[in-house]
Enquirer: 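This is the structure, below, for whatever I ask next.
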Protein chains: 2
Amino acid sequence: MRPGINSDQTERIIQALKRAGYQATPNRRLVAELVAATGGHFTAAELLERGRRERVNIGRATVFRALELLASLRVVERLDLPSGSHAYVVCDPDEHHHHLVCSTCGRSEDIADGELARLVDEIGRRNGYRIEAHRLELFGICPACSAADTAERETLA
Amino acid sequence: MRPGINSDQTERIIQALKRAGYQATPNRRLVAELVAATGGHFTAAELLERGRRERVNIGRATVFRALELLASLRVVERLDLPSGSHAYVVCDPDEHHHHLVCSTCGRSEDIADGELARLVDEIGRRNGYRIEAHRLELFGICPACSAADTAERETLA
DNA sequence: TCGGAATTGATACCCGGTCTCATTGGTGAT
DNA sequence: ATCACCAATGAGACCGGGTATCAATTCCGA
């Protein structure tokens with residue numbers, strides 16, 4: 001992990017906590033760091049495991065609570081993978097967006113809503129629904145994994 | 001429930017099962033009927049409960065298995081509600097589509113992919129991802145619930 | 001009618017997440 | 001510095017949705 005980049009992000013998360021009136025306790029700092037240290041998605045169980053490597057006594061509930069808190073601040077978002085399981089991703093709390101997730105390495109990109117808003121409006125109008133929320137999730141192979149994949153294929157051939 | 005409409009749909013589900021080489025057992029017929037009898041989404045637990053009202057000894061696993069089977073045939077799809085819980089909806093197995101779900105009554109409409117495909121392509125290209133799957137979910141208030149809501153509001157006023 | 005495969009029910013289990021509750025720690029007013 | 005109080009924590013029980021196991025049944029084709 002590149003310290004410069006991630007400690008920035010850690011700090012941003014901590015600030016978000018404080019701004020919302022929550023304490024920046026050591027546990028929450030730890031979770032913030034771990035979250036910031038992943039470029040992609042992670043499960044609660046993974047995070048817990050990583051957390052326990054640094055602070056043995058951190059409770060399962062504490063990790064879930066921290067994640068829930070971060071989710072409520074929109075610093076983190078929970079996504080539903082095609083497999084049916086859940087994962088969390090760090091993301092930009094400031095604007096409505098969607099996620100593009102690499103199914104190989106788990107890396108995730110924020111996608112601006114863009115034209116989708118128009119499309120969603122139109123669908124609502126056409127069906128007479130008052131739309132309250134929408135969610136778009138994209139899954140695929142990221143450039144790096146794509147490259148790695150073809151490289152491997154070539155070595156085998 | 002209107003027999004004409006739903007027995008058609010029940011039959012379609014049964015046919016799909018047979019076509020795929022599965023037996024149309026009494027249990028599966030029951031599940032098919034129950035599924036067809038709902039206009040909107042339902043949880044596995046609800047379905048089980050309704051099932052037990054008609055056939056006391058139907059097992060929980062059997063219901064889950066039937067649902068899983070129908071899902072694999074794309075007759076039914078599992079969706080992730082904003083609340084985080086899961087629900088199932090009946091839907092058209094023949095073409096890729098998305099769902100518009102009423103958050104009040106649970107009714108659900110199939111939405112054709114339409115322009116979305118183009119948008120998805122473009123996002124993939126822009127990010128260098130090879131997109132494998134995408135999912136759009138819309139939540140809102142259906143016309144009927146909207147109407148009921150304003151009606152109630154007026155009586156109160 | 002028979003034999004093997006498919007289906008079933010009961011039940012134990014698993015996993016992600018939440019609840020409870022007693023303890024600990026932090027914070028702000030004094 | 002002290003104290004009172006609320007926020008946060010850990011342990012562990014609990015819960016809900018779903019799956020695995022396994023023996024008993026049912027179905028279907030020969």
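Labels below follow one simple rule: chain letters A, B, ... track the order of the sequence lines, proteins then strands, and each chain is numbered from 1. Because the structure is a prediction, the values reported are computed rather than measured.
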Enquirer: Would you mind classifying the nucleic acid contact of A/Ala61 as base, sugar-phosphate or nothing, using non-hydrogen atoms under 4.0 angstrom?
Expert: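 Base, at least one base heavy atom under 4.0 Å.
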
Enquirer: Tell me if a side-chain donor or acceptor on A/Arg55 pairs with a main-chain N or O of A/Pro26 at a distance below 3.5 Å.
Expert: yes

Enquirer: Would you please confirm or rule out a distance under 4.0 Å between OP1 or OP2 of D/dG18 and any side-chain N or O of B/Tyr88?
Expert: yes

Enquirer: By nearest nucleotide on DNA chain D, pick out whichever of A/Arg28 and B/His86 is the more 5' one.
Expert: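 Taking each residue's closest nucleotide, the earlier one in sequence belongs to A/Arg28.
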
Enquirer: What's the CG-P distance between A/Leu17 and C/dG26, to the nearest Å?
Expert: 16 Å

Enquirer: By nearest heavy atom, map A/Phe64 and B/Gln23 onto DNA chain C; which one lands nearer the 5' end?
Expert: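 Nearer the 5' end of the strand: B/Gln23.
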
Enquirer: Report the distance from atom NZ of B/Lys18 to atom P of C/dA6, rounded to the nearest whole Å.
Expert: 18 Å

Enquirer: Say whether B/Val63 and B/Phe42 are linked into one hydrophobic cluster, either directly or through other cluster members, by side-chain heavy-atom distances under 4.5 angstrom.
Expert: yes

Enquirer: Quick check: any donor-acceptor pair below 3.5 Å linking the side-chain of B/Arg78 to the base of D/dG17?
Expert: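 In this structure, the two groups form no donor-acceptor pair.
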
Enquirer: May I ask you to verify whether the side chain of A/Arg60 and the base of D/dG10 hold a donor-acceptor pair under 3.5 Å?
Expert: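 A donor-acceptor contact between them is absent.
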
Enquirer: Rounded off to whole Å, could you give me the CZ-to-C1' distance for the A/Arg29 and C/dG25 pair?
Expert: 15 Å

Enquirer: Just checking A/Arg55: base, sugar-phosphate only, or nothing, at a heavy-atom cut-off of under 4.0 Å?
Expert: nothing

Enquirer: Give, for atom CG of A/Leu138 and atom CG of A/Leu100, the distance between the pair rounded to the nearest 0.5 Å.
Expert: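 Atom-to-atom, A/Leu138:CG and A/Leu100:CG are 5.5 Å apart.
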
Enquirer: Please give, in whole Å, the distance from D/dG18 P to B/Glu46 CD?
Expert: 12 Å

Enquirer: What is the distance, to the nearest angstrom, from the CG atom on B/Asn57 to the C1' atom on D/dT25?
Expert: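 So the CG-C1' distance, B/Asn57 to D/dT25, works out to 13 Å.
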
Enquirer: Return the value, rounded to whole Å, for the distance between atom CG of A/Leu47 and atom P of C/dG17.
Expert: 11 Å

Enquirer: Are B/Arg53 and B/Glu49 close enough for a salt bridge, meaning some N to O gap below 4.0 Å?
Expert: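 A salt bridge is present here (some side-chain N lies under 4.0 Å from a carboxylate O).
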
Enquirer: Please tell me if B/Asn27 has a side-chain N or O lying less than 4.0 Å from either OP1 or OP2 of C/dT8.
Expert: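 B/Asn27 to C/dT8 OP1/OP2: side-chain N or O found under 4.0 Å.
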
Enquirer: Rounded to the nearest angstrom, tell me the gap between atom CD1 in A/Ile14 and atom P in D/dA8.
Expert: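 Going from CD1 in A/Ile14 over to P in D/dA8 covers 13 Å.
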
Enquirer: Between the side chain of B/Asp92 and the main-chain N/O of B/Asp94, is any donor-acceptor distance below 3.5 Å?
Expert: yes

Enquirer: Specify the residue among B/Pro26 and B/Ala44 whose closest nucleotide of DNA chain D lies further upstream toward the 5′ end.
Expert: B/Ala44

Enquirer: Please tell me if B/Arg65 has a side-chain N or O lying less than 4.0 Å from either OP1 or OP2 of C/dT7.
Expert: no

Enquirer: Is any side-chain N or O of A/Thr25 closer than 4.0 Å to OP1 or OP2 of D/dT9?
Expert: yes

Enquirer: Expressed in angstrom and rounded to an integer, what is the separation of A/Leu48 atom CG from C/dG16 atom P?
Expert: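 Computing the A/Leu48:CG to C/dG16:P distance gives 11 Å.
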
